[in-house]
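Read through the structure below, which is laid out as structure tokens, and then see the notes.
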Amino acid sequence: MRRFGESYWQLHRAVVRIDETFDAKTLLSWIEGQRVPRSVASFDILCRIERRYGLERGYFKAKLPHQSRSLYGHDLEDISPAERRRLAWHLPDDFGSLPFSKREEILEWVRRVIISGSTDYRRFQAAATKQRYAIRFPGVTYGGSTLAPRLATSNWLRDEDEKGPSTETLEDPDLLSGVVDAPPRLAMEMADLIRFKTSTLTEIGYRRNGVWNEETASQKIEHLGLMFGALAASPNGVVKGRGVPLSQLTFGLLIFPGVWDWYLQWRERRRGFFTKWEEDMLMVAMALTRAEVGWIRQHPELLRNVKPIEGLITTAEIDAARRDWHGACEDFHRHAANRSKEIQRVMRVHRDPFEPIMCVLEADSPLAEYRKITEEILKRMPDEHRFPRAAAEAVRSFLMLRLGLHLGLRQKNLRQLLVCPRGQFPTAERRLEDIKRGELRWNERERGWEVFIPSNAFKNSGSSFFGQKPFRLVLPDLLDLYTYLNAYIERHRKVLLERAPDPGTLFVKTVKTTSIDAAYNQTTFYEAWRLAIQRYGIYNPYTGRGAIKGLLPHGPHNVRDVLATHILKQTGSYEQASYAIQDTPDVVQQHYGRFLPQDKAALAARILNQVWEAA
């Protein structure tokens with residue numbers, strides 16, 4: 001404006017048409033730095049100013065302090081506000097001016113590739129999640145420290161006749177086409193099972209073989225809830241369940257082969273083939289009915305509540321089980337073992353876990369290829385002083401990926417990693433063992449940030465890799481890692497937390513008015529990682545944003561695939577690859593061997609060729 005001798009009022013009159021409502025004060029607020037353009041209409045005005053002053057297209061946008069901010073005001077017609085927020089980030093600035101067919105093409109691509117992911121498994125999963133049918137156990141905490149609440153065991157041991165008429169109100173199977181709470185008796189049976197499998201000491205008179213940790217217990221609750229939900233769901237609805245009344249659901253049903261055969265066949269019809277899920281469920285059933293140590297085997301009173309179900313359980317089978325409970329459990333145990341072997345022969349893998357990142361794993365240097373995402377985050381980092389929350393979220397995404405690439409940890413260990421700021425005393429090793437968590441702390445002797453994790457915090461803590469020794473690694477100060485790590489711990493974490501209680505973990509959620517806890521759980525951490533990949537990782541040909549062509553949405557576990565594959569390609573050694581993901585060479589060979597043969601031959605040829613070159 002100074003160069004052309006114009007005031008903001010003259011510029012406004014030159015670029016804004018008479019029939020438009022764009023206020024001159026808005027232009028003045030841009031000039032004074034009080035506000036920045038956010039809407040599609042504002043960017044249209046910027047384009048006119050660029051043309052008036054002979055500037056290249058995008059000149060002003062490149063100077064904005066928040067490069068990755070999405071525009072609002074796109075013409076999306078009947079799309080809901082929630083979906084608009086997800087789509088806006090991935091639409092080009094000139095979306096509204098494009099032909100209708102082009103806009104439809106862009107929307108279809110964003111929904112298919114970025115929002116949902118274009119794999120067959122993702123499409124199946126999206127359709128399956130719309131059909132809700134599980135039994136929920138609200139009295140048993142999922143993944144918390146009170147997985148086995150104090151419920152009176154005697155309540156579910158009594159006979160139906162002793163309790164009087166049933167008080168169940170949801171007897172109509174048509175009412176059971178969604179997620180419902182478990183009836184009291186079933187909930188108490190589940191609570192007793194969880195207490196049996198998670199308590200430090202077994203009750204007097206009972207025996208067990210092995211215990212469940214919190215994650216395993218939470219998983220078994222969910223899987224058994226799905227099975228009972230399938231039995232209770234209406235046969236006339238989309239789920240096509242068995243229609244068993246809620247009052248008849250009991251763990252005593254699980255010793256009858258007909259119940260399991262129906263469930264296995266129902267899952268096959270639903271998915272189209274058998275998978276490892278069915279084999280795992282049969283393994284659970286075998287463990288529950290195993291001689292001497294099985295929970296169901298040690299509770300014959302469960303049979304009292306079992307009633308005949310047409311096509312699944314006959315009166316004769318119930319009478320036979322009453323006469324010889326242990327014989328019935330043993331017969332089912334053999335039946336489950338045979339079914340498991342039959343399923344092993346025909347089961348298929350529904351999804352290729354490497355498919356979303358195959359374009360990365362096929363690169364000569366998978367680690368360098370995946371690292372491009374972190375570079376994209378820095379490229380589009382907003383101004384911390386003007387957009388503190390957005391900058392904090394970007395730094396958090398950057399550190400999630402960088403630490404994942406340096407450490408090769410599973411999601412749980414990375415999510416639960418505690419932080420000890422510089423100048424404070426680190427948590428004692430004994431305490432970390434008790435809570436089964438690691439910690440990021442400053443190592444004064446090494447002059448670097450150290451990650452310390454006790455071996456019992458790992459899923460494979462019994463692996464020979466650990467040998468009961470803790471995991472300890474000093475992070476390298478490469479590519480400004482310490483700069484962003486220090487800034488995040490000292491400033492950005494506080495911005496994300498606001499006034500919420502500090503959970504002590506390194507990574508915390510952005511606290512909002514509806515937030516209850518600032519700590520991530522398994523689902524929210526996965527979604528945070530997936531969102532970072534959607535915004536910075538997947539190359540969008542319509543906007544030019546995104547680091548890697550062909551990448552699909554994925555979670556933090558895939559970083560372990562990147563590290564193991566990278567080291568295999570560089571060294572040809574299963575052993576060295578196992579060091580990067582805290583596992584054994586056998587596991588690495590089993591999961592990542594498919595990436596080795598061609599590269600291994602090339603490595604061997606390179607060594608042999610050195611002899612000829614020397615000659």
- [ ] Could you walk me through whether Glu279 and Gln344 pass side chain to side chain donor-acceptor pair (under 3.5 Å), step by step?
- [x] CA-CA 7 Å; Glu279 183 198 4; Gln344 285 177 15; 2.7 Å; yes
- [ ] Step by step, work out the salt bridge (charged side-chain N to carboxylate O under 4.0 Å, His left out) result for Asp480 and Arg402.
- [x] CA-CA 11 Å; Asp480 296 327; Arg402 280 294 301 267; over 6 Å; no
Task: salt bridge (charged side-chain N to carboxylate O under 4.0 Å, His left out) between Arg431 and Asp434, intermediate numbers included - done: CA-CA 5 Å; Arg431 173 59 181 162; Asp434 290 340; 5.1 Å; no
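Ring centroid separation for the pair Phe398 and His492 does not come in under the 6.0 Å cut-off. Ring to ring, His554 and Tyr370 are close: their centroids are under 6.0 angstrom apart. For His223 and Trp277, the distance between ring centers is under 6.0 angstrom. Close placement of the Phe251 and Trp295 rings is indicated, their centers lying within 6.0 Å of each other.
With contacts defined as side-chain heavy-atom distances shorter than 4.5 Å, the pair Trp260/Met227 qualifies. Two residues are said to be in side-chain contact when any heavy atoms from C-beta on lie closer than 4.5 Å; Lys436 and Ile453 fail this criterion. Between Asp561 and Val360 the shortest side-chain heavy-atom distance does not fall below 4.5 Å. Side-chain contact check for Val562 versus Ile357: some heavy-atom pair is nearer than 4.5 Å. Looking only at side-chain heavy atoms (C-beta outward), Pro556 and Phe525 come within less than 4.5 Å of each other. For the pair Trp449/Leu440, a side-chain contact is recorded, criterion being any heavy-atom separation below 4.5 Å from C-beta on. Side-chain contact between Phe273 and Met347 is absent, with no heavy-atom pair separated by less than 4.5 Å. Annotation: side chain of Val346 is not in contact with side chain of Glu342 (no heavy-atom distance under 4.5 Å).
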Check: residues 417-430 side-chain donor-acceptor pairs under 3.5 Å, at least two apart:
unit_1 : atom_1 : unit_2 : atom_2 : d
Thr427 : OG1    : Glu439 : OE2    : 2.6

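Pairs engaging residues 448-464 under the salt bridge (Lys or Arg N to Asp or Glu O under 4.0 Å) rule: Arg441-Glu450, Glu450-Arg472 [sequence neighbours left out]. Sequence neighbours left out, the pairs with a member in residues 484-495 that pass salt bridge (Lys or Arg N to Asp or Glu O under 4.0 Å) are Glu384-Arg491, Arg493-Asp502.
The side-chain contact (heavy atoms from CB on, under 4.5 Å) test applied to Ala547 returns Lys372, Ile373, Glu376, not counting sequence neighbours. In terms of the side-chain contact (heavy atoms from CB on, under 4.5 Å) criterion, residue partners of Arg290 (sequence neighbours excluded) are, by chain and number, Ala287, Val293, His333. Here Ser199 pairs with Arg208 under the side-chain contact (heavy atoms from CB on, under 4.5 Å) rule; sequence neighbours left out.
Ring geometry for Trp266 versus Trp262: interplanar angle under 30°, hence parallel rather than tilted (30 to 60°).
Within 6.0 Å of the NZ atom in Lys412, the count of heavy atoms belonging to other residues, nucleotides or ligands exceeds 12.
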